[in-house]
Structures are given as C-alpha cells and as structure tokens.
Amino acid sequence: MSAFLKYAGSNLKEVKEEEDRVIALVREITEYFHGNHVSKDEANPLRIFVIVRDFLGMLDHVCKELRSSKMAYSPNPLAPFR
C-alpha cells in the first residue's frame with residue numbers, strides 16, 4: 001500500500017504542476033485579449049472560453065446577415081459589371 005501511495009503522490013504532483021501551467025497560459029491569453037486590467041485572482045480564469053464562444057456566435061450571425069443581404073440586392077455577383 002505504501003508503494004501505491006508513493007506512486008500516486010508523485011503522479012498527483014505532476015498533474016498539479018501541469019494544471020498550474022495550463023492555468024497560467026489561460027491567464028496569459030485572457031490578458032492578451034482583455035488587456036492588463038484582468039485580476040490575477042479572477043473568480044473563473046476559464047471565462048475566456050465563454051467569451052470566445054459568444055464572439056464566434058456573433059460572428060456567425062453577422063456572416064449570415066451579410067450573406068442574406070447580398071442575396072437580396074444582387075443575386076448575380078457579375079450583374080454590376082455587365
């Protein structure tokens with residue numbers, strides 16, 4: 001049992017170090033996109049993924065609007081040049 005505890009303890013230490021590294025990278029990305037006003041002790045550092053999801057949703061919506069507005073004005077893209 002003590003061998004297992006020693007092995008599990010070292011694995012847990014490695015996982016914790018990897019988690020700390022990933023969280024640091026997420027904070028770095030958050031600071032890049034939000035500027036330096038992001039607090040180091042922010043309640044949820046993974047919030048950046050929610051922000052990216054929302055941004056992609058808005059981008060998709062705008063692309064659909066542009067696509068439909070182009071179709072309404074000029075169904076043939078070569079029509080203005082004829």
Side-chain angles (χ1 to χ4, degrees):
M1 188 67 153
S2 63
F4 170 75
L5 289 175
K6 185 176 180 179
Y7 174 76
S10 67
N11 281 351
L12 285 174
K13 182 180 175 186
E14 289 175 22
V15 169
K16 178 63 178 156
E17 289 170 356
E18 187 67 15
E19 178 192 22
D20 292 342
R21 186 183 73 79
V22 169
I23 293 296
L25 290 172
V26 168
R27 282 194 179 124
E28 185 179 320
I29 290 169
T30 303
E31 287 174 8
Y32 176 81
F33 285 106
H34 284 280
N36 291 331
H37 67 277
V38 176
S39 149
K40 296 288 183 194
D41 300 321
E42 188 177 50
N44 187 359
L46 300 178
R47 187 171 181 274
I48 187 70
F49 297 109
V50 174
I51 293 167
V52 170
R53 183 202 62 200
D54 293 345
F55 170 77
L56 292 175
M58 289 186 289
L59 181 63
D60 187 48
H61 180 74
V62 168
C63 289
K64 287 177 183 176
E65 281 184 1
L66 287 174
R67 208 173 299 127
S68 67
S69 70
K70 284 185 179 181
M71 295 292 276
Y73 294 119
S74 178
N76 183 354
L78 297 176
F81 300 108
R82 291 186 179 179

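All values derive from a computational prediction rather than experimental measurement. Count residues from 1 along the sequence.
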Would you say [Y] ends up clustered with [X] if hydrophobic residues are merged whenever their side chains have heavy atoms under 4.5 Å apart, either directly or through other cluster members?
{"X": "Val52", "Y": "Leu25", "answer": "no"}
{"X": "Phe49", "Y": "Ile29", "answer": "yes"}
{"X": "Phe4", "Y": "Val15", "answer": "no"}

Find the distance between [atom1] ([X]) and [atom2] ([Y]) and round it off to the nearest 0.5 Å.
{"X": "Ile23", "Y": "Asp20", "atom1": "CD1", "atom2": "CG", "answer": "8.0 Å"}
{"X": "Leu12", "Y": "Tyr7", "atom1": "CG", "atom2": "OH", "answer": "10.5 Å"}
{"X": "Lys13", "Y": "Glu17", "atom1": "NZ", "atom2": "CD", "answer": "5.5 Å"}
{"X": "Ser2", "Y": "Lys6", "atom1": "OG", "atom2": "NZ", "answer": "8.5 Å"}
{"X": "Arg53", "Y": "Ile48", "atom1": "CZ", "atom2": "CD1", "answer": "12.5 Å"}

Query raised in the report: If we only count heavy atoms from C-beta on, is the Val62 to Met58 side-chain gap below 4.5 Å?
Result: no
